[in-house]
Amino acid sequence: RSDVAPLSSSRCRLRSATRSSITNSRSPVPEAPVTPGWELERSLWLKGCRTVIGVDEAGRGCLAGPVFAAAVVLPGNARGCYRDSKQLSPEQREELALQLKREALAAAVGQASAREIDRLGILAATHLAAERALQLLPFDLRGTGLVTDYLRLQHPGPVLAVPRADARSLQTAAASILAKPSRDRFLAELDRRWPGYGFARHKGYGTRQHLLALDELGVCPEHRRSFAPVRHRLKVTASGVQCSRDKRDQLRPEAAGQY
């Protein structure tokens, strides 16, 4: 599932310019500034990109749930209020996500499921989530550039994939703020569907509480079976699988037969 944030009418003024020869950019970048700015985007504007998009992900290292990615285009007069989402409290992220949806010229969120992560691998699934977000933006991607947090995406325009881009680029920081609360809300819903694992608290990360719940309840359909802590806890005998299933069903009787 994917969703598009409410957009300003000024998005209609976004224009793209097709380039006959476009390559990914891997130019050196300066040290991260104290606050994110426009320096990385400016380097792509100078290459001829009319529109530069910030992209970031959330949930790559989790043991359960989808990986999310967001793509954001801000107006050129946006200044300094967005930060790397990891530096913000949940309340600050939610407040800024609402502001972002009002301010952004374009913004979209995509995701790749736990099953897709197991089938493709986490890196390819993260790319898939980002591509889904980009495809939801309301303009032609040809002639656009990307600034990403070290995601070397396939794209018709230049891609500036640098470490800690969410600390350097205002738009990538904004994308991180949009991606993480979207995923947090999804994990809160998973917590209601699969109680006992603590998804609302740890958001699928491999905390002690989560690992203990896996030992007690076994693996649910939202767990990433290709990740070692989950894979090692998978029961290899039919009786072991049934045991885990029975324990889960004691907590969630309506889930019987869905595993």
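Numbers for residues simply follow the sequence, beginning at 1.
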What's the separation between atom [atom1] in [X] and atom [atom2] in [Y], rounded to the nearest 0.5 Å?
X    : Y    : atom1 : atom2 : value
D166 : Y82  : CG    : OH    : 15.0 Å
R233 : L214 : CZ    : CG    : 6.0 Å
L146 : H155 : CG    : NE2   : 4.0 Å
L74  : I53  : CG    : CD1   : 11.5 Å

Flag if over 12 foreign heavy atoms under 6.0 Å of CZ, R201: no
Enclosure of E116 CD (heavy-atom neighbours >12, cutoff 6.0 Å): yes
Is a donor on one side and an acceptor on the other found under 3.5 Å between the side chain of [X] and the backbone of [Y]?
X    : Y    : answer
R142 : G157 : no
T172 : D149 : no
R93  : P181 : no
Q171 : V52  : yes

H223 and Y197 aromatic ring geometry - parallel, tilted or perpendicular at 30°/60° bounds: perpendicular
Given F227, Y205, F199, the one that forms ring pair (Phe, Tyr, Trp, His ring centres under 6.0 Å) with H210: F199
Atom of A97, atom of I177 and distance for their closest heavy-atom approach: N-CG2, 3.7 Å
Shortest non-hydrogen contact from A213 toward G196: CB-O, 3.6 Å
Check ion pair E39-R42 (N to O, under 4.0 angstrom): no
